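The structure appears right after this line, and notes come after that.
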Amino acid sequence: MEAKIITKNTDELLDALKTAQEKQDYESVAKYYLQIGKDYKKKGMTAKALYYLNRFDNLVGGIDSLYDKFAKKDHQACEWIEELEEAHMPYEKTIREQVLKKAEDLTTLQKLQWLLLTMSRFCRLFTYTSLLPEFEAFGGLDQIVSYFTDGLYGELGEDAKEDIEEEILDFDDGTEEVFESLLMSDYTKKVELPDQESFVPADLESGDGTFFFGAAVHALSQFIFDEAEEDDIQMEFAACGLLTDYYYRTSDTDAADEPKIKEETARIFSDYEFVKGNPDAASFRNRIAQYKKIMLV
């Protein structure tokens with residue numbers, strides 16, 4: 001017989017969700033995501049509602065047995081998501097649309113520079129994340145960003161190109177394997193951060209962030225290794241450093257009012273102006289070096 005959720009208070013549901021996550025009881029996790037999303041929807045807390053409804057949709061969509069069980073409810077959740085987003089566009093999607101508009105007047109090189117600047121700001125967070133079991137591949141991002149930087153300015157040594165391409169491919173395969181696994185829903189995998197709420201890998205999924213991260217790695221690789229050029233570079237990753245899911249999960253403050261989100265928003269559009277000015281290699285490397293030290297959340 002299917003277990004029923006009998007708690008009604010949102011705080012109780014959140015506590016029950018935490019317990020289910022720790023037990024990796026994904027059926028119960030899905031139920032709680034949906035119920036909490038519904039509760040926040042009723043309360044008019046759109047951002048919170050969207051966070052939990054999207055977590056429900058992502059989870060059941062990634063596990064066949066859960067999708068078979070929750071297919072009708074997932075359809076309903078997707079309708080609610082569409083309805084809520086039409087009424088109140090999430091902050092990260094608003095910024096993403098602005099990025100796409102601005103990118104229209106950039107060259108291929110400038111677009112890739114913009115993506116790489118965002119990617120460089122993930123280095124410190126990925127270094128912390130790489131300390132988790134099964135997330136070791138994330139520790140390679142710092143070096144991968146350096147390779148891409150060299151490649152954009154034609155400074156990759158020809159003799160080392162083959163080995164570097166293989167290293168980038170291994171990094172891409174390693175991170176993609178994690179992104180497509182249940183590790184992304186395992187809330188026992190906590191990245192402890194100084195003086196703030198811990199980060200969990202699921203927070204990387206903000207606005208399809210893991211998909212756009214992989215797309216950015218692919219586009220940069222194609223460019224520097226002289227492969228077929230991307231017809232349509234997906235620029236959404238330039239806005240993925242906002243990591244809004246972390247704040248939707250840990251805070252009740254509106255995303256647009258979070259100090260670190262304000263800082264990241266400013267960096268996104270500062271980077272646009274920077275690459276539009278065709279920076280030389282020294283200026284670009286300096287900006288990358290500064291960004292590698294940033295903790296995004």
Side-chain angles (χ1 to χ4, degrees), residues 58 62 108-109 111-186 188-191 199-238 240-241 243 281 284-285 287-289 291-297:
N58 288 348
T108 295
L109 176 59
K111 289 178 181 179
L112 294 172
Q113 287 173 325
W114 196 3
L115 293 177
L116 185 56
L117 288 166
T118 296
M119 189 177 292
S120 68
R121 295 195 290 274
F122 280 80
C123 285
R124 190 175 176 204
L125 180 60
F126 271 35
T127 297
Y128 273 78
T129 304
S130 71
L131 300 177
L132 296 174
E134 300 180 86
F135 285 81
E136 292 84 359
F138 285 60
L141 181 60
D142 191 292
Q143 183 60 63
I144 299 302
V145 167
S146 295
Y147 288 147
F148 284 148
T149 303
D150 290 343
L152 290 182
Y153 284 93
E155 297 177 2
L156 277 182
E158 287 298 323
D159 292 342
K161 260 192 172 183
E162 187 174 336
D163 289 341
I164 290 172
E165 186 172 14
E166 187 66 30
E167 189 173 338
I168 292 172
L169 181 61
D170 287 344
F171 170 80
D172 188 30
D173 287 344
T175 51
E176 184 177 4
E177 182 178 349
V178 172
F179 290 155
E180 293 181 351
S181 74
L182 279 174
L183 290 169
M184 297 301 292
S185 295
D186 183 352
T188 67
K189 305 287 189 186
K190 295 182 179 180
V191 180
F199 183 87
V200 296
D203 296 331
L204 292 170
E205 294 187 332
S206 306
D208 296 321
T210 55
F211 170 78
F212 290 122
F213 178 86
V217 170
H218 182 68
L220 284 156
S221 297
Q222 282 195 316
F223 183 84
I224 68 173
F225 295 114
D226 302 318
E227 298 174 9
E229 186 176 310
E230 289 275 327
D231 293 329
D232 181 25
I233 297 172
Q234 293 172 303
M235 291 303 300
E236 289 90 341
F237 181 68
C240 285
L243 290 176
F284 192 79
R285 288 181 192 283
R287 200 171 183 102
I288 290 283
Y291 282 169
K292 283 183 176 183
K293 300 173 185 177
I294 286 173
M295 177 57 78
L296 278 173
V297 295

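Fair warning: this is a prediction, and the values are worked out from it, not measured in the lab.
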> Are any of the side-chain heavy atoms of I168 and F148 separated by less than 4.5 Å?
Replying inline: yes
> Considering the options T149, L115, I294, V145, which one meets the side chain to side chain contact (heavy atoms under 4.5 Å, CB included) requirement together with S120?
Replying inline: V145
>> Run F171 and Y147 through side-chain contact (heavy atoms from CB on, under 4.5 Å) and show every step you take.
In response: CA-CA 12 Å; F171 170 80; Y147 288 147; over 6 Å; no
>> Which label fits F213 and F126: parallel for a plane angle under 30°, tilted from 30 to 60°, or perpendicular past 60°?
In response: tilted
> Can you tell me if D203 uses its side chain to pair, donor with acceptor, with the backbone of V200 under 3.5 Å?
Replying inline: yes
>> Just checking E136: does its CD atom have more than 12 heavy atoms from other residues, nucleotides or ligands closer to it than 6.0 angstrom?
In response: yes
> Under 4.5 Å between any side-chain heavy atoms of H218 and I233, yes or no?
Replying inline: no
> Does a side-chain heavy-atom distance below 4.5 Å link V217 with T175?
Replying inline: no
>> I'd like to check F138 versus L125 (side-chain heavy atoms, cut-off strictly below 4.5 Å). Are they in contact?
In response: no
> Looking only at heavy atoms, what is the nearest atom pair of M184 and A202, with distance?
Replying inline: O-CB, 3.1 Å
> Taking the side chain from K189 and the backbone from L183, do they hold a donor-acceptor pair closer than 3.5 Å?
Replying inline: no
>> Can you confirm whether D159 is buried at CG, in the sense that more than 12 heavy atoms of other residues, nucleotides or ligands lie under 6.0 Å from that atom?
In response: no
> Can you tell me how far CD1 of I144 sits from CZ of F122, rounded to the nearest 0.5 angstrom?
Replying inline: 15.5 Å
> L220 versus L152: any side-chain heavy-atom pair under 4.5 Å?
Replying inline: yes
> Would a 4.5 Å heavy-atom cut-off, applied to side chains only, mark F135 and V191 as touching?
Replying inline: no
> Does some side-chain heavy atom of Y128 sit less than 4.5 Å from a side-chain heavy atom of M295?
Replying inline: yes
>> Quick one, L116 and M119 - any side-chain contact, counting heavy atoms below 4.5 Å?
In response: yes
